[in-house]
J.: 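Let me begin by handing over the structure; questions about it come next.
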Number of protein chains: 4
Amino acid sequence: MGAVRTNVRSEDKAGPGLARRIRDAAARLFARHGFHGAGMRLIAEEAGVSIGALYHYFPSKEDVFMAVLRQEYDQRLAEAQALWQEGTSAPEVVRRVVELHFASLAAGEGGGRLVGRAWQGEVPTLRPQILALREEYAQYIARLLSKAMARGEIRRTHPLLTAYALLGLVESVTARAVAGDAVAHEMREEGPQELAEIAWRALRPDEAG
Amino acid sequence: MGAVRTNVRSEDKAGPGLARRIRDAAARLFARHGFHGAGMRLIAEEAGVSIGALYHYFPSKEDVFMAVLRQEYDQRLAEAQALWQEGTSAPEVVRRVVELHFASLAAGEGGGRLVGRAWQGEVPTLRPQILALREEYAQYIARLLSKAMARGEIRRTHPLLTAYALLGLVESVTARAVAGDAVAHEMREEGPQELAEIAWRALRPDEAG
Amino acid sequence: MGAVRTNVRSEDKAGPGLARRIRDAAARLFARHGFHGAGMRLIAEEAGVSIGALYHYFPSKEDVFMAVLRQEYDQRLAEAQALWQEGTSAPEVVRRVVELHFASLAAGEGGGRLVGRAWQGEVPTLRPQILALREEYAQYIARLLSKAMARGEIRRTHPLLTAYALLGLVESVTARAVAGDAVAHEMREEGPQELAEIAWRALRPDEAG
Amino acid sequence: MGAVRTNVRSEDKAGPGLARRIRDAAARLFARHGFHGAGMRLIAEEAGVSIGALYHYFPSKEDVFMAVLRQEYDQRLAEAQALWQEGTSAPEVVRRVVELHFASLAAGEGGGRLVGRAWQGEVPTLRPQILALREEYAQYIARLLSKAMARGEIRRTHPLLTAYALLGLVESVTARAVAGDAVAHEMREEGPQELAEIAWRALRPDEAG
DNA sequence: TATGAATGAGAGTTCATTCAT
DNA sequence: GATGAATGAACTCTCATTCAT
């Protein structure tokens, strides 16, 4: 600490100047080359700082990685929270969850891809923390599902399990959709609707009317 | 084709026994430590061969990795092929796809986890090949779905997209289910049924007589 | 001269208190971790000052080290000077030199060990200065020996050589005596007497009436 | 191991070619620059091998250092053992111990100086092992002293303590004697005789005839 | 005076790969 | 076929030091 203090007003974590620049640079490089492909030297260069500065703000490479990942999930959570609050109901909620997640994953170079990529393997040491991050996100969605179930708007399922299912559903398709071929293009077009449809059908209550 | 031929590969490729021993050792170590965590020295030791021998059978580490991955997918495909052929019908097919995939991923230490882990990231250089491997598997499932659609047993969707969705669905839940906590236990218990239910509801034809 | 003046240095050099605090902290850390084991950051923390302050008082780490060492030798000289002055005679002088040196080296954590440790190696750049410091101390003892020789109280030897011999004698045994085992305990008990005996026998005049 | 095997006939440890070359190069550099001053890169260059080779033979820098030190002590022990065996008696034994130790320390650049330098501090982690090495040497001398005591050729003292005293005596004077000035020259000339005289007087039995 | 963010050379170590045997 | 000694680029990380404030 100390490093991160300096002026407390901007965004959230990783403070003002350098720390943010480092984190953003790292996000790009981790997304592009993976954890092991992006060396500290490379990150420092991309951020335009010295290696020393890098270690001034983050105790280790793993900390840089986790900071990046945390920021990505925080952002995703914030976006998700911003979406409802009003009384939007069932099918709409599901559709929005799917579309939002899809959009944020498919979006370009940023750390977005990291989320779809890093939640397993890669850095064995970090696994518990990474899974915890993902769990936080999944649980937020699970809570939304629970409320909808309580209101009878979707059928009763295991909420957390269903949340993970929805995330995986979207991530898997997105991963295919970012490739460069014709099929990928097709998927980017139809993906959100098809997935929303799938999700909604999976969750809608039985039509026992 | 291609899909059906693949499980032959693992026979003729595996050489006189040494190649197979190496590949199996590598499968264990990659699954346990990831691509970068498992060094060539370690693999050689685990396989009980010299480094020289290792390089005699595989030109590079990446080749070892791809051989492992190919073998895993081949095995998965073979299992999938073994399941139907007879006239099993729609909900049953879906259920079996889900359960099989779930089982093979959740199964302990083996290369199973590799499949759920490596399809993204980790080794950027290998991405195209890894995605191609996954595509092959996805396309096999897509073909199954297409046939079912043709017979009117499930509703019409984008088959490949749907296949990816199903894979992601299962993988995501499995990844959570292999953790050690109570929730994980719960998911391992309920996972297959819940997921099969989700999948079937997502795919079943509209009940409009 | 020189020898007598030195213990004044530690007063005027130590500045307004901060310099002294730094030097004392450094003494502890150098003694505990060696020159390379004690970083400037660590010293600053132990002293409760900023790195900036540290560099305000000492141009470099080597200067901190030399200041510590100088202070240790000054203190040792001061103690030595305080001991005689009156007409204590030969065997007593020898005994006291040995005991004093032994005691100050064996004394716990303080900079004492530094003296027994740093007079060789560790920081090649500083060797000349460290040897000079040691020489000053040795020469003080050599002068004492010379006087005793002049009075015929001890036999004639090369005074400086003999002084070094006495220092080494004590340091070597002390170094062994600070270990934690039973032998070390034994040596701490018997060390001073045995060494004093050895030294006295080595130096006493031939008994030829 | 494996590396060290290859052809088992030469000297003792550190086998045939590279390992020996590395160790000798390291001995020179550690003696000249101290443990921290001699980097692995430098050692590799001095030995004319790659860094990889260096790590092929020694697991870590500390191992290189200990190998060097062990070799020095082994050599010293071997020399010591070679000297008597016949029935040389008391004053001669003492003189030889002193002279031998003096000679081997004063001898040029080799690892000789290391022994006089490294037995304290420098690498805190290695202290126990270094002290153990020194202890082994001291105990050998202590055994010689014990035998002489048993035969009544020298007076009864604490043998190990006395051994350490003798070593320190010589080392301290040697350290001064390797400097370049006139006094050093003087000490190199008179050192052995003066020290032998000191040692003999310290140890000879009381003349109670 | 006093601070601590910033620097960057250099540290020890790893590891995929080569090649003479 | 099979070995493993040898390579060296690249890695993460440390630390004495500087300097704008």
J.: Rounding to an integer number of Å, can you tell me how far Phe58(B) CZ sits from dT17(E) C1'?
T.: 16 Å

J.: Could you give the NE2-to-C1' distance, from His33(C) to dC15(F), as a whole number of Å?
T.: 16 Å

J.: Please determine whether a side-chain nitrogen or oxygen atom of His56(B) lies at a distance below 4.0 Å from atom OP1 or OP2 of dG1(F).
T.: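 Indeed, a polar side-chain atom of His56(B) lies that close.
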
J.: Is any side-chain heavy atom of Glu62(C) less than 4.5 Å from a side-chain heavy atom of Met66(C)?
T.: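 They are not in contact (no side-chain heavy atoms under 4.5 Å apart), so the answer is no.
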
J.: Among residues 40-49 of chain A, which residues get a heavy atom nearer than 4.0 Å to DNA chain E?
T.: Arg41(A)

J.: Between the protein and nucleotides 18-21 of chain F, list every N/O to N/O distance that falls short of 3.5 Å.
T.:
none

J.: State which residue, out of Arg28(D), Arg41(D), Arg23(D), fulfils the salt bridge (charged side-chain N to carboxylate O under 4.0 Å, His left out) condition with Glu46(D).
T.: Arg28(D)

J.: Is there a side-chain contact between Arg70(B) and Asp74(B) in this structure, where contact means two heavy atoms from C-beta onward sitting under 4.5 Å apart?
T.: yes

J.: Between dC13(F) atom C1' and Asp63(A) atom CG, what is the distance in whole Å?
T.: 13 Å

J.: Let me know, please, whether Gly37(A) or Leu54(B) comes out on the 5' side of the other along DNA chain F by nearest nucleotide.
T.: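 So the residue in question is Leu54(B).
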
J.: Please determine whether side-chain contact (heavy atoms from CB on, under 4.5 Å) holds for the pair Asp24(B) and Arg21(B), giving the CA-CA distance in whole Å, both sets of side-chain angles, and the decisive distance to 0.1 Å.
T.: CA-CA 5 Å; Asp24(B) 290 351; Arg21(B) 240 176 48 220; 6.0 Å; no

J.: Using atom C1' of each nucleotide, how far apart are dT1(E) and dT21(F) to the nearest Å?
T.: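 The same atom, C1', in both gives a distance of 12 Å.
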
J.: As an exercise, state the distance from CG of Leu54(A) to CD1 of Ile22(A), rounded to the nearest 0.5 Å.
T.: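 Those atoms lie 4.5 Å apart.
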
J.: How many whole angstroms separate atom CG of Leu18(D) from atom P of dG8(F)?
T.: 13 Å

J.: Can you tell if the side chain of Tyr57(A) reaches within under 4.5 Å of the side chain of Val64(A), non-hydrogen atoms only?
T.: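 Side chain of Tyr57(A) against side chain of Val64(A), heavy atoms only: no contact under 4.5 Å found.
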
J.: State the dot-bracket string of DNA chain E. Criteria: Watson-Crick or G-U wobble, both atom distances under 3.5 angstrom; notation: ( ) intrastrand, [ ] crossing earlier pairs, | interstrand, . unpaired.
T.: .||||||||||||||||||||

J.: Could you tell me the separation between the NE2 atom of His36(B) and the P atom of dA10(F), rounded to a whole number of Å?
T.: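 The distance from NE2 of His36(B) to P of dA10(F) comes to 14 Å, rounded to the nearest Å.
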
J.: What distance separates Arg20(D) CZ from Leu18(D) CG, expressed to the nearest 0.5 Å?
T.: 12.0 Å

J.: As a test of reading the structure: which of dT7(E), dG1(F), dG4(F) is closest to the side chain of Ser50(B), going by heavy atoms?
T.: dG4(F)

J.: To the nearest 0.5 angstrom, please state how far the CZ atom of Phe35(C) sits from the CG atom of Leu69(C).
T.: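 Between atom CZ of Phe35(C) and atom CG of Leu69(C) there are 11.0 Å.
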
J.: Quick check: do Glu136(C) and Leu133(C) have side-chain heavy atoms less than 4.5 Å from each other?
T.: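 Answer yes - side chains close enough.
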
J.: Report the C-alpha distance between His33(C) and Leu42(C) in whole Å, list the side-chain angles of each, state the deciding distance to 0.1 Å, and finish with yes or no for side-chain contact (heavy atoms from CB on, under 4.5 Å).
T.: CA-CA 11 Å; His33(C) 303 115; Leu42(C) 192 63; 4.2 Å; yes

J.: Do the side chains of Phe65(A) and Gln129(A) get nearer than 4.5 Å, heavy atoms only?
T.: no

J.: Which pair of non-hydrogen atoms, one from Ala38(C) and one from Phe30(C), has the smallest distance, and what is that distance?
T.: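 Shortest heavy-atom contact: CB-CD2, 3.8 Å.
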
J.: Give the rounded distance in Å between these two atoms: CZ of Arg21(A) and P of dA6(E).
T.: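 Whole-Å distance recorded here is 9 Å.
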
J.: Start at the 5' end of DNA chain E and walk down; is the nucleotide closest to Gly39(D) or to Ala53(C) reached first?
T.: Ala53(C)

J.: Heavy-atom nearest nucleotide on DNA chain F for Glu62(A) versus Lys61(C): which residue maps closer to 5'?
T.: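 In this pair, the answer is Glu62(A).
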
